[in-house]
Amino acid sequence: FAVPLDVARMGSLVKFNGWVQFLDLKMMRNLWEPTFRAFLSQTSGTGQPAPSASRKKRREQQRSEPKMPDAMKFGLDVLKEAPHLLHLTFLAKDGFRFWSAVQPDYLTISSDALTMKFGATVDGVWTVVGIVDGGIGDAPEPWSINPVLDGVVTAMAGLREAIGRPKNYWGLTPIAIYAPLVGVAQAEAEAELPGSSPA
């Protein structure tokens with residue numbers, strides 16, 4: 001019942017082959033601040049004091065380190081409390097891009113183990129079956145409710161733009177992500193068959 005990607009609409013069941021990349025923001029929960037500070041040090045040209053530097057010299061260098069701007073501090077506080085989802089992005093062979101937030105409990109391997117094994121991009125081409133649930137392009141303009149709630153809506157829209165689905169990615173609820181598993185002996189035997197072509 002899956003439809004081709006070029007005719008898929010909201011609610012369509014799709015099946016495609018492509019590449020999978022994932023990002024577990026849960027791992028960043030306690031790393032946002034060190035990352036921001038490292039970024040500030042790099043952009044300002046200051047680094048960490050050398051281990052051999054005297055205590056006085058280290059104190060002087062710490063005093064001269066750039067202070068984090070208030071706007072950056074506010075952004076950091078927001079990021080610490082924002083939802084730390086497991087993001088999956090898919091690049092289909094014909095160029096379509098999909099974004100999904102998945103429940104780590106439904107994986108057959110933990111997201112931590114995935115990160116340690118692959119980094120961010122999972123090896124190989126995978127088959128993905130899922131339901132399209134988000135369109136590309138700018139989000140619809142929210143209607144006004146009252147000044148307080150309008151501020152919350154604006155913040156939610158900003159969070160989506162910062163750490164949510166990019167506007168040039170379709171939304172997808174994946175049902176299954178799989179790849180055929182072929183053992184080395186089987187692959188070698190098939191490659192030696194007359195008239196067979198390598199997989």
Side-chain angles (χ1 to χ4, degrees), residues 2-6 8 12-43 47-48 75-76 78-136 158-192 196-199:
V3 301
L5 295 182
D6 56 353
S12 295
L13 180 70
V14 294
K15 178 182 178 183
F16 59 90
N17 294 327
W19 295 270
V20 180
Q21 182 171 284
F22 64 94
L23 172 64
D24 189 356
L25 283 183
K26 176 173 55 72
M27 298 185 72
M28 288 297 297
R29 187 178 291 277
N30 297 318
L31 298 176
W32 288 117
E33 189 163 349
T35 303
F36 273 56
R37 294 201 179 282
F39 172 75
L40 278 176
S41 294
Q42 284 184 346
T43 55
Q48 294 298 321
L76 180 61
V78 170
L79 283 174
K80 284 179 178 177
E81 298 302 323
H84 287 70
L85 304 174
L86 175 59
H87 298 222
L88 284 183
T89 52
F90 306 96
L91 175 60
K93 282 190 163 185
D94 46 8
F96 286 86
R97 294 172 183 268
F98 295 90
W99 180 94
S100 176
V102 298
Q103 294 293 333
D105 295 344
Y106 297 145
L107 300 176
T108 56
I109 180 173
S110 75
S111 58
D112 297 340
L114 274 173
T115 302
M116 295 300 108
K117 184 179 288 189
F118 297 109
T121 306
V122 185
D123 293 338
V125 177
W126 295 76
T127 299
V128 180
V129 179
I131 297 171
V132 177
D133 59 8
I136 58 173
L159 270 179
R160 181 233 159 156
E161 288 181 15
I163 57 171
R165 177 172 63 93
K167 63 181 180 181
N168 59 336
Y169 280 67
W170 291 89
L172 185 79
T173 296
I175 297 171
I177 305 166
Y178 61 92
L181 299 177
V182 179
V184 175
Q186 181 183 345
E188 289 174 352
E190 289 175 355
E192 291 172 3
S196 66
S197 58

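By the 4.5 Å heavy-atom criterion applied to side chains, T127 and K15 are counted as neighbours. Looking at L88 and I177, their side chains come closer than 4.5 Å, going by heavy atoms from C-beta outward. Counting heavy atoms from C-beta outward, V14 and V3 have side chains that approach closer than 4.5 Å.
For the salt bridge (Lys or Arg N to Asp or Glu O under 4.0 Å) condition, no pair includes a residue of residues 85-96, sequence neighbours left out. Screening residues 123-136 for salt bridge (Lys or Arg N to Asp or Glu O under 4.0 Å), with sequence neighbours left out, gives no hits. Among residue pairs with one or both ends in residues 163-179, those qualifying as salt bridge (Lys or Arg N to Asp or Glu O under 4.0 Å) are D138-K167; sequence neighbours excluded.
For I136, the side-chain contact (heavy atoms from CB on, under 4.5 Å) partners at least two apart in sequence or on another chain are W170. The ring-ring contact (aromatic ring centres under 6.0 Å, His included) check on F16 picks up F98, with sequence neighbours excluded. With sequence neighbours excluded, no residue forms a side chain to side chain donor-acceptor pair (under 3.5 Å) with W126. The side-chain contact (heavy atoms from CB on, under 4.5 Å) check on N168 picks up P166, with sequence neighbours excluded.
Looking at every heavy atom in both residues, V125 comes nearest to A179 through O-CB, 4.0 Å.
The CZ atom of F90 sits 12.5 Å away from the CG atom of N17 when rounded to the nearest 0.5 Å.
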